[in-house]
Amino acid sequence: IAGEAIFEGNKERLGKELYNHACSPGCIIQCSNTWHRPDGTEHVSCQEYESVWSLGANCGIDSLDVTGELIRLCNEYGLDTIEAGVTLGVAMEAGLAEFGDGEGAIELMHEIGKGTPLGRILGNGAAVTARVFGVVRCPTVKGQGMPAYEPRAIKGIGVTYATSTMGADHTSGYTVAPEILSVGGKADPFALEKGELSRNFQVATAFIDSTGHCLFIAFPILDIAEGFEGVVEECNGVLGTNWTMDDVNRIGLEILKMERAFNEAAGFTKAHDRLPEFMKYEPLPPHNVVWDVPNEVVDAVFGGA
Amino acid sequence: MAAEGPQALSRQAPNGAWRLSHTAGEKRITVHVKLFTTLRRYRPGLNIGETLSVELPAGATVEQLLERLSLPEEVKTILVNGIVRDGAHAVADGDEVGLFPPVARG
């Protein structure tokens, strides 16, 4: 179900290689795609990495036709694909379907669309579903389902999940870049002292998000200093400012402070900056590691901010 | 499963002369390599999910494995048995090595 399989599957069904879906003019990454049925007609757009993980691998489902249909239903019903996949995983843990049961997953998704009592529970997401069915293994923070990166084995992204104002959101501070992909430096994924790394990524991300750029520009500009400076110059050109890279940190931090002030006013405390308890005592194979980053490290991320 | 080898790995001897390492009695190991995304095109016929078996001298590093494969593209991410490693990491018999070009996700 990886990207290679999407490419090969389309090629087999269409009889040609398909490069068809740049969502922004001039983009050289072109991460979007379309998926085609055996008869060549378009099934869905798009089979994105997180969506295929959450609705596929996370649920033990290894068919791109099934993940394609589940994504199509998310698009039709207006559901976030990560949250929907994490919710289906929790539903499978609760026994509503077997892991790997694609047909069962599609039926559960239709329950949401029909607005049945079960569908309303599932439609409220993973945390509500886990609470209703008494599921302990519920991978959420602040009520938001975790994406495709396991915090027990990648500590920095766990610090981001814990401290992000939105909950378990990888895009708010993607430390996976240095921890796994060797982008923006290198960091040992198992090392516990990740407070500064997570904060730096969250600050830079808050700035990039505010520019309106696609976040995927972060991958090249984290490794190419002139790229990031170019973005700052671009902002100066549009806004008439004289910002430097120092202002990137200042502005990013100001945005995060504002978000955290909003959360505090809404009743969030550091007790909400925590990963699910089961991750502290259930080791994750094949690494056999638990979530062991001390609370003090997590609380220090924005402790002085 | 495709296999590469047992062709010998060339390396420099202390006297500066090139020699073949596959000398009699030297211990050999086999690692199983997965080439991801664009790297797979350098081994036509290798299907998605298939591994390439590569024979190396015992104690060989990932760097030596990369020299052996001589892929004409940057290898950015190296996973040995699912854990991120660098070129200096010594591989062991039976290890699964995943190689990625620069990629981004999420």
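Small disclaimer: the values here were computed from a predicted structure and weren't measured. In what follows, chains carry the letters A, B, and so on, assigned in the order in which the sequence lines appear, proteins first and then strands, with residues in each chain numbered from 1.
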May I have the step-by-step check of side chain to side chain contact (heavy atoms under 4.5 Å, CB included) for A/F219 and B/V103, ending in yes or no?
-> CA-CA 9 Å; A/F219 292 105; B/V103 289; over 6 Å; no
B/F100 portion near chain A, given a 4.5 angstrom heavy-atom threshold = neither
If one checks every heavy atom of A/D188 against chain B at 4.5 Å, the contacting part turns out to be neither
So, do A/K186 and B/V84 sit near enough that their side-chain heavy atoms are less than 4.5 Å apart?
-> no
Chain B heavy atoms under 4.5 Å from A/A5: which part of the residue, side chain, backbone, both or neither?
-> both
Spacing of CD belonging to A/E8 relative to CD1 belonging to B/I48, to within rounding of 0.5 Å = 4.5 Å
Quick one: what part of A/F190 sits under 4.5 Å from any heavy atom of chain B, side chain, backbone, both or neither?
-> side chain
Measuring from B/K76:NZ to A/I180:CD1, what's the distance to the nearest 0.5 Å?
-> 14.0 Å
Please indicate whether A/E282 has more than 12 foreign heavy atoms, meaning atoms of other residues, nucleotides or ligands, lying under 6.0 Å from its CD.
-> yes
A/R37 CZ: over 12 foreign heavy atoms closer than 6.0 Å | yes
So, A/S182 side chain and B/T77 main chain: donor-acceptor pair closer than 3.5 Å or not?
-> no
Measure A/E179 against the heavy atoms of chain B and call it side chain, backbone, both or neither at under 4.5 Å.
-> backbone
